[in-house]
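A short worksheet on the structure shown next.
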Amino acid sequence: MRNGTKHLRIASMIQMILGLASIALTYFLVGELTSEDLVIAGISGKEAIGILFATYAGAAFQIIAGIFGLLLSKKKSIVTVIFGILLFIPQLLTFIHLDGNVLLIIVNIVLLLIPYYYLHNAYKNFKDEK
């Protein structure tokens with residue numbers, strides 16, 4: 001068994017759970033909004049649809065990365081490393097652009113550790129000579 005196999009499987013499952021939770025949370029939150037709420041929040045309809053699309057696309061990507069991580073966990077695969085980088089970069093950018101809210105910083109540190117865990121183990125799996 002490769003060095004990163006077990007931990008890549010764990011990281012993949014976490015990514016899939018986060019993706020599914022993000023879709024569910026977005027669905028329930030959007031279900032509560034009305035067109036009046038969007039106007040009050042200062043978001044136009046087109047902007048709201050764009051944000052909604054980006055949220056669903058990001059969550060779907062997390063699920064796809066998790067599936068590929070599970071399927072390729074026993075193999076030397078550059079695909080999982082690329083997915084790990086693509087999962088890590090947006091979360092890092094989100095973390096960099098945070099304001100001074102301590103709670104958001106703590107939550108984003110935890111959310112930054114998860115794609116790092118995936119990337120680290122995908123890289124370990126890729127570099128293993130077995």
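The shortest side-chain heavy-atom distance between L72 and V79 falls under the 4.5 Å cut-off. Two residues are said to be in side-chain contact when any heavy atoms from C-beta on lie closer than 4.5 Å; I67 and S12 fail this criterion. At a threshold of 4.5 Å between non-hydrogen side-chain atoms, the residues N125 and T80 do not count as touching. Side-chain contact between Y116 and L87 is absent, with no heavy atoms from C-beta onward closer than 4.5 Å.
Counting non-hydrogen atoms of other residues, nucleotides and ligands closer than 6.0 Å to CZ of F88 gives a total above 12. Within 6.0 Å of the CZ atom in F61, the count of heavy atoms belonging to other residues, nucleotides or ligands exceeds 12. In this structure, Y123 places its OH atom where only 12 or fewer heavy-atom neighbours from other residues, nucleotides or ligands lie under 6.0 Å away.
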**Request:** Go through the steps to decide whether F126 and S77 satisfy the test side chain to side chain contact (heavy atoms under 4.5 Å, CB included), and finish with yes or no.
**Result:** CA-CA 6 Å; F126 179 71; S77 173; 5.8 Å; no
**Request:** Would you check, one step at a time, whether the test side chain to side chain contact (heavy atoms under 4.5 Å, CB included) holds for L25 with F28?
**Result:** CA-CA 5 Å; L25 184 64; F28 289 118; 5.8 Å; no
**Asked** Can you check side chain to side chain contact (heavy atoms under 4.5 Å, CB included) on L70 and M16, steps first, answer last?
**Response** CA-CA 10 Å; L70 285 175; M16 290 171 47; 3.7 Å; yes
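A donor-acceptor pair is defined here as one N or O able to donate and one able to accept, closer than 3.5 Å; no such pair exists between the side chain of S73 and the backbone of T5. Listed for the N101 side chain is a donor-acceptor partner under 3.5 Å among the backbone atoms of L103. The main-chain N or O of L18 is never found under 3.5 Å from a side-chain atom of S22 such that the two would form a donor-acceptor pair.
Atoms CG and CD1, from L119 and I89 in turn, are 9.0 Å apart once rounded to the nearest 0.5 Å. Here the NE2-CG distance, from H120 to L8, works out to 11.0 Å after rounding to the nearest 0.5 Å. Atom CD1 in I17 sits 11.0 Å away from atom CD1 in I63 (nearest 0.5 Å). The structure places CD1 of I105 at 8.5 Å from CG of N108, a figure rounded to the nearest 0.5 Å. In this structure, NZ in K76 is found 8.5 Å from CG in D128, a value given to the nearest 0.5 Å. N121 contributes atom CG, which lies 12.0 Å from atom CZ of R9 (distance to the nearest 0.5 angstrom).
Under the 4.5 Å side-chain heavy-atom criterion for grouping Ile, Leu, Val, Met, Phe, Trp and Tyr, I109 is connected to L93 within one hydrophobic cluster. Under the 4.5 Å side-chain contact rule for hydrophobic residues, L111 and F95 do not share a cluster. I114 and M13 are members of different hydrophobic clusters when ILVMFWY side chains are connected at heavy-atom separations under 4.5 Å. Residues I106 and I14 do not share a hydrophobic cluster, defined by chaining ILVMFWY side chains whose heavy atoms lie under 4.5 Å apart. The hydrophobic clustering, which links ILVMFWY residues whose side-chain heavy atoms are closer than 4.5 Å, places L104 and I96 together.
In plain terms, the two heavy atoms of Y118 and A65 that are nearest each other are OH-O, 2.8 Å. When all heavy atoms are compared, the tightest approach of A122 to V81 is O-CG2, 3.6 Å.
The aromatic rings of H7 and Y117 lie perpendicular to each other, with more than 60° between the two planes, well past the 30° mark.
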